[in-house]
Amino acid sequence: MSENTVNIHIVESDKLFMKVLLRTIGDIETGHDIRIHSHNDGFAFMEDARKSGGRTIYIINDVLPKKSGIELAKYIRTYDKTGVIYFMTRANTEADMIYAVNAGVDNYFTKPFNLGLFQALVRRRIIRGDLA
């Protein structure tokens, strides 16, 4: 896999929001080879995620069938210490945010959030190249 390749794993069980995220991420232009992987539950993600390797961004909903977003963040950190984890949730207490960050989350987005800003932040992260 080349330095120019970035894997983006989206884990979201809501079909409509998954479509929105796929379009939002798919519209990012950076000159990089962006490979988007979509998963509708925690187990599907766990079966696929470790295989992609390389520079990786994870976009994870907190409430998922079969595994929670927090469980996935902890799982990711067992094999990927430097990939970027974006966490999407409705939980907005300080305790929730601290717990998620301590579980390995890098950025915490409380729903509803601004998709344009989210897209810009993901794009900037890819361009800067500060991914594993």
Side-chain angles (χ1 to χ4, degrees):
M1 193 164 307
S2 82
E3 273 295 306
N4 203 33
T5 301
V6 177
N7 287 290
I8 299 180
H9 289 273
I10 302 172
V11 190
E12 172 60 62
S13 60
D14 181 281
K15 290 179 183 178
L16 180 60
F17 195 55
M18 175 64 87
K19 285 182 183 179
V20 170
L21 289 172
L22 288 170
R23 173 168 278 188
T24 299
I25 299 303
D27 287 346
I28 294 175
E29 294 182 18
T30 63
H32 290 76
D33 176 17
I34 299 174
R35 298 180 183 177
I36 302 171
H37 311 267
S38 61
H39 317 276
N40 61 5
D41 68 62
F43 282 142
F45 164 78
M46 290 173 76
E47 289 178 3
D48 184 46
R50 289 183 91 152
K51 297 175 190 170
S52 63
R55 298 166 15 121
T56 307
I57 294 174
Y58 306 90
I59 302 169
I60 302 173
N61 192 356
D62 63 337
V63 178
L64 298 163
K66 302 182 184 174
K67 290 283 183 186
S68 73
I70 291 291
E71 288 175 303
L72 294 184
K74 289 178 179 179
Y75 172 74
I76 290 165
R77 291 302 178 220
T78 65
Y79 67 90
D80 187 349
K81 305 290 186 212
T82 57
V84 176
I85 301 174
Y86 291 110
F87 199 65
M88 305 172 299
T89 182
R90 293 202 188 283
N92 62 358
T93 69
E94 183 178 346
D96 292 326
M97 293 177 195
I98 291 169
Y99 185 72
V101 170
N102 285 333
V105 169
D106 294 296
N107 283 7
Y108 191 95
F109 292 90
T110 303
K111 293 178 180 179
F113 55 88
N114 182 306
L115 286 169
L117 176 59
F118 177 73
Q119 181 187 55
L121 289 169
V122 172
R123 181 178 182 277
R124 185 71 193 134
R125 183 70 71 144
I126 293 168
I127 290 170
R128 282 184 41 195
D130 52 355
L131 305 167

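Computed over heavy atoms, backbone and side chain alike; hydrogens, waters and symmetry mates excluded. It should be emphasised that the depicted structure is a prediction, and the values quoted were computed from it without experimental measurement.
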Could you give the distance from [atom1] ([X]) to [atom2] ([Y]), rounded to the nearest 0.5 Å?
| X | Y | atom1 | atom2 | result |
| --- | --- | --- | --- | --- |
| D33 | N4 | CG | CG | 6.5 Å |
| I85 | N107 | CD1 | CG | 10.5 Å |
| R124 | T30 | CZ | OG1 | 11.5 Å |

State, with a plain yes or no, whether a side-chain heavy atom of [X] is found less than 4.5 Å away from one of [Y].
| X | Y | answer |
| --- | --- | --- |
| F118 | I59 | yes |
| M97 | N92 | yes |
| T56 | I76 | no |

Report summary line: Quick note, salt bridge (charged side-chain N to carboxylate O under 4.0 Å, His left out) partners involving residues 81-106, not counting sequence neighbours, are R77-D106
Query - Qualifying salt bridge (charged side-chain N to carboxylate O under 4.0 Å, His left out) pairs, either residue in residues 59-75, two or more places apart - result: D41-K66
Side-chain atoms of residues 15-29: list all donor-acceptor pairs with protein atoms under 3.5 Å, sequence neighbours left out, distances to 0.1 Å.
from, atom 1, to, atom 2, distance (Å)
T24, OG1, V20, O, 2.8

Transitive ILVMFWY side-chain link [X] to [Y], under 4.5 Å:
| X | Y | result |
| --- | --- | --- |
| L121 | V84 | yes |
| Y86 | V63 | no |
| F43 | V11 | yes |
| I60 | V101 | no |

Report task. Just jot down the ring-ring contact (aromatic ring centres under 6.0 Å, His included) partners of H39, sequence neighbours excluded, or say none. Result -> H9, F45
Report summary line: Closest non-hydrogen atoms of I127 and H32, given as atom of the first, atom of the second and distance, are CA-CE1, 4.3 Å
For residues 108-117, which side-chain donor-acceptor pairs fall under 3.5 Å, sequence neighbours excluded?
from, atom 1, to, atom 2, distance (Å)
Y108, OH, A91, O, 2.5
K111, NZ, N61, OD1, 3.3
N114, OD1, G116, N, 2.9
N114, OD1, L117, N, 2.7

Query raised in the report: Is there any ring pair (Phe, Tyr, Trp, His ring centres under 6.0 Å) pair reaching into residues 60-84, and which pairs are they, with sequence neighbours excluded?
Result: Y75-Y79
